[in-house]
Novice: 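One structure is given below, represented as structure tokens, and several questions about it will come after.
What you see is a predicted model; the values in this text were computed from it and never measured. Residue numbers start from 1 in every chain, and the chains themselves are labelled A, B, ... in the order their sequence lines are given, proteins ahead of strands.
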Amino acid sequence: SEKDREFQEKIDRGVRIEANDWMPEGYRKTLIRQISQHAHSEIVGQLPEGNWITRAPSLQRKAILLAKVQDEAGHGLYLYCAAETLGISRDEMTAQLLSGKAKYSSIFNYPTLTWADIGAVGWLVDGAAIMNQVPLQRCSYGPYSRAMIRVCKEESFHQRQGFDIMRQLCQGTDDQKAMAQDALDRWWWPSLMMFGPSDKDSVHSEQSTKWGIKQNTNDELRQKFVDQTVPQAGWLGLTVPDPDLAWNEEKGGHDFGEPDWSEFHEVLRGNGPCNRDRLAARNKAWDDGAWYRDGLTAHAEKRRNMVAEGAA
Amino acid sequence: SEKDREFQEKIDRGVRIEANDWMPEGYRKTLIRQISQHAHSEIVGQLPEGNWITRAPSLQRKAILLAKVQDEAGHGLYLYCAAETLGISRDEMTAQLLSGKAKYSSIFNYPTLTWADIGAVGWLVDGAAIMNQVPLQRCSYGPYSRAMIRVCKEESFHQRQGFDIMRQLCQGTDDQKAMAQDALDRWWWPSLMMFGPSDKDSVHSEQSTKWGIKQNTNDELRQKFVDQTVPQAGWLGLTVPDPDLAWNEEKGGHDFGEPDWSEFHEVLRGNGPCNRDRLAARNKAWDDGAWYRDGLTAHAEKRRNMVAEGAA
Amino acid sequence: MDPLVTFCLRMGDTTLILGQQTAAWCGHAPVLEEDIAFANMGLDLIGQTQLWYEIAAQAEGQGRTPDDLAFFRTERQFLNAQLVERPNVDFAHALMRQYLFDAWHLPIQEALCESGHQAIRELAQKSVKEVRYHIDRSRDLIVRLGDGSEESHAMMQGALDALWPYAADLMAIDAVEQALVGIGMLPPLDRVACAFEAETAVTLDRATLAIPGNGHARTGGRTGIHTETMGYILAEMQQIPRSFPDARW
Amino acid sequence: MDPLVTFCLRMGDTTLILGQQTAAWCGHAPVLEEDIAFANMGLDLIGQTQLWYEIAAQAEGQGRTPDDLAFFRTERQFLNAQLVERPNVDFAHALMRQYLFDAWHLPIQEALCESGHQAIRELAQKSVKEVRYHIDRSRDLIVRLGDGSEESHAMMQGALDALWPYAADLMAIDAVEQALVGIGMLPPLDRVACAFEAETAVTLDRATLAIPGNGHARTGGRTGIHTETMGYILAEMQQIPRSFPDARW
């Protein structure tokens, strides 16, 4: 249609789309799906890291981790707000998460088993997330773009903190070094999977690219992540658990092995190590908190009635 | 009445009263109160000791503690059965415990704060309990008397195990010795209070003695306990926390200080350190288990119906 | 032990254990805003803990670090008020525990702003701003949930009934504080209990909550006597440092 | 590590962690008879743990004691099946976990009665009697509560749905077991999984419970990969020995 054409021209000229602008239903839906999925990831992402707050091994690390988990909840908040500008309520999105209908980043279905996992999650998972998110700062939809600018700033801080945990472990006792290597071994492949399947196998990519929602292919970002991370692992004295990993002078980047995509699809289908536990934790929090939400609503109601009576 | 007189004669002749024999209402009530209170004490007594099963510091100590707590639950079972012979159901007694109407031994309203407390509870609390219970093996009511014979045998085993924990601690590191002394400091006075107030202040004593339910005065038993325990403390190298404690050659026993009876009465009134927590734990266990009890009843019902149909 | 060290441990242990309990709600609170608020309060409390432990460690002069104090003492050596170790039964308990703590924490921090000990004075001047923010938030929630639905009222009253007896342990003052008042290191602390009474009387009344009558005072935390929940908190908190005693993190 | 040591740790860690979880019900079960039964099962499981650790310690020959193995290893060194570390959500979970464990434990102990390793054979001959008693009890309860009230049915089905995926970890066999079978130290273990399938198919059917269809197998415990509940179990279990590393108890 004419409107669709005009919309595409705006995108192509680099004009930001704002909440009250006309937009195609598909664009709206794609963004709602993507932003809410991103918000849910921040919310569920509190769980694997929150798992170590009470057990962080120093007061300083405890404070840093608390601040990080707080930031994640904050990111969830901005992102829900950005999604709400597209005409969906936070309660609707929450219901979709809790019923299992909405997805969140599969990486959070892996468990954090040792303190080193908190380092690895910051270093690798936040590292991969930033790769994915940096281009989104230039996303065609204004509210999402602005949310991402704020998110990215904090995420790169988190990544540095994660790396610092790894650094301390790698400079520590033999037990600590082994712990760091073990965490890298377990988080490496799931981190590579965070970029999604190869673009040739990815369903939504083409239209999203045209709409200025997606800027790079999954494979480009994965390559960039590997090229950034491998030297860091080297600096730490850790071994990346990929026998096929090798520097390719010609392409100016690393060759590396293929992640186990059957595992990826299993986790996506709900069969990852923690899918059940994550959803159960979120559902419990929501159900146990019903009295709280109802109580605040009842109080607000009372207040309104008092004001109305006062006015009458 | 004539019956009362005959009953008293039986008692005086040392004849055991059995469940189907005639007995005065007061005798029945006194026994129900005392036996159910004793049963409740075994049940609630699982909690302070059970608190350390998951944290017992060696596999052997863990096994011994588990066996002990299992014995206590078993004692609860015999004693409820003994009380049931007097015409009250276990459910009625449980309801009385859970509502706070029935009492249990106040000692279990003190917390077990360190592993040494498990030693002290075995040594002192079981020690005091045995002093109270040994005479009850000769109680005029047959079912109670027989239950107590079984209970006493196991209790004296528990006491030896508690003492053995203390012995190991007192032969251990400085930290362990300090832990043992600290436990004695905290459990000494509450243990002395287990014999109840001085007989001159005790309400039920006289009639119970006449009925052959009570054989010794509270003060006699307390004296016996002190005289038994003080040399054991000495052997362990621990200091009994009573500045008035002294050997009295003339009476052939120890002089000792007066427990803080205001504390005793506070605990009895529900204001001890753990009264609330103990009742809450028992109520939670009962409420959370409703589905289990109802489920078994429903299954039994189904079975009965099937049998009835088969028979028809 | 030097009364100054004891006092700082009483304060720092109390903020640490509350911070630990508060932080456990991250990701499990009834709404996202509470996830954030509880993380934020936890963060402030851990920060205050570090400051108290620094003063304690310095006064003690035995080379122990704040982390040594947090991770290598046993239950009987922790001097926190019993209130803060009471369990996270439900979110009502968490809110009420926080409120009762705040109602004490604000006046004591205000008092400590006049401490004769420079580091304590500076700590208090920094913390008091955080604490004001905490109590504004928790007071508001107590009122709204106490005077909310029938269920929320019942939840909050249940939490108050369970926790009120432990408030006394916050206010407990003994020879330690008296000694420090005597040498001018602490200002007189009587007004703290008065302020607590005034704050709670007004707020709980607005919240339509009844202060339990038979609330016998539970004390002992300040001398290392705790409740049975405390050991489990420490087991979890100290696990990693105790498992790797030679490691730095 | 010597396959024999690994195998004994897999067995002993599994009985230890289940014993730990089982024992936590003492004083908190729905009826007094269950308090007693759970204490009794816990006792048997701890006893079996001691025997497995003795064989492991002896085979290892590094002077470690059974207590060293229980209290001074870290999470990644524990080789128990994930099933037994799943939390005590409610008593239905506790019963279902026990039943699924028993349904594996009986056939493996029966198989081990024919082990070529004398100490293992003796252990199995002793344990198998206990295990028979356990499964008689837990099978009976699964049937009665599954085919009980609507609520008890729903509780047991919920527990089955949650726990079934973890049963696979009990049956997991790798090069360790294969090596031991190869040298005749273990009898072939294939029949264990068959016996498990047969036992559960019949019993769960009698209990009117449906085996979850999408039950993807969760494994990893046997190589030290656990679930997030495991760390908390160890923190509690190991607290005292780790806090006083020089002490004997």
Novice: For A298(A), is there any backbone N or O sitting under 3.5 Å from a side-chain donor or acceptor partner on R144(C)?
Specialist: no
Novice: In terms of heavy-atom proximity below 4.5 Å to chain A, should L45(C) be classed as side chain, backbone, both, or neither?
Specialist: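 It is neither, since no heavy atom gets under 4.5 Å.
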Novice: For L59(A), which atoms come within 4.5 Å of any heavy atom of chain C: side chain, backbone, both, or neither?
Specialist: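 Answer is both: backbone and side chain atoms of L59(A) are under 4.5 Å from chain C.
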Novice: Has the side chain of R61(A) got a donor or acceptor atom that lies under 3.5 Å from a matching backbone atom of W249(C)?
Specialist: yes
Novice: Given a strict heavy-atom distance threshold of 4.5 Å, which part of L95(C) is in contact with chain A: side chain, backbone, both, or neither?
Specialist: side chain
Novice: Checking heavy atoms, do the side chain of A37(C), its backbone, both or neither come under 4.5 Å from chain A?
Specialist: neither
Novice: Looking only at atom types and distance, does a side-chain atom of K302(A) sit under 3.5 Å from a main-chain N or O of G148(C), one as donor and one as acceptor?
Specialist: yes
Novice: At a heavy-atom separation under 4.5 Å, does L77(A) approach chain C through its side chain, its backbone, both, or neither?
Specialist: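 For L77(A), heavy atoms of backbone and side chain both lie under 4.5 Å from chain C.
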Novice: Give me the atom names and distance for the closest heavy-atom approach of L66(A) to G42(C).
Specialist: CD1-C, 3.6 Å
Novice: Looking only at atom types and distance, does a side-chain atom of H299(A) sit under 3.5 Å from a main-chain N or O of D147(C), one as donor and one as acceptor?
Specialist: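 Between the backbone of D147(C) and the side chain of H299(A) there is a qualifying donor-acceptor contact (under 3.5 Å).
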Novice: In plain terms, say whether E33(C) and R90(A) are close enough for a salt bridge, that is, a side-chain N and a carboxylate O under 4.0 Å apart.
Specialist: yes
Novice: Counting only non-hydrogen atoms closer than 4.5 Å, does Q60(A) touch chain C with its backbone (N, CA, C, O), its side chain (CB onward), both, or neither?
Specialist: both
Novice: Between M155(C) and chain A, with a heavy-atom cut-off of 4.5 Å, which part of the residue counts as in contact: side chain, backbone, both or neither?
Specialist: side chain
Novice: R55(A) and E236(C): which non-hydrogen atoms are nearest, and at how many Å?
Specialist: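 Result for this residue pair: CG-O, 3.3 Å.
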Novice: Do you know the tightest heavy-atom contact between H28(C) and A281(A)?
Specialist: CE1-CB, 4.2 Å
Novice: Taking Q46(A) for its side chain and C26(C) for its backbone only, find out whether a donor-acceptor pair lies under 3.5 Å.
Specialist: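 No: the side chain of Q46(A) does not pair with the backbone of C26(C).
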Novice: Under 4.5 Å from any heavy atom of chain C, what part of S58(A) do you find: side chain, backbone, both or neither?
Specialist: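 Contact with chain C: backbone and side chain both.
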Novice: Below 4.5 Å from any heavy atom of chain C, which atoms of L296(A) appear? Answer side chain, backbone, both or neither.
Specialist: both
Novice: Report which part of W291(A) has an atom under 4.5 Å of a heavy atom belonging to chain C: side chain, backbone, both, or neither.
Specialist: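 For W291(A), the contact with chain C is made by backbone and side chain together.
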Novice: Any donor-acceptor pair under 3.5 Å linking the side chain of Q50(C) with the backbone of A63(A)?
Specialist: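 Here the side-chain-to-backbone pair does not exist.
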Novice: Which heavy atom of I36(C) sits nearest to which heavy atom of Q70(A), and what is that distance?
Specialist: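 Taking every non-hydrogen atom into account, O-NE2, 3.8 Å.
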Novice: Under a 4.5 Å heavy-atom cut-off, does chain C meet the side chain of A56(A), its backbone, both or neither?
Specialist: backbone
Novice: Counting only non-hydrogen atoms closer than 4.5 Å, does E150(C) touch chain A with its backbone (N, CA, C, O), its side chain (CB onward), both, or neither?
Specialist: neither
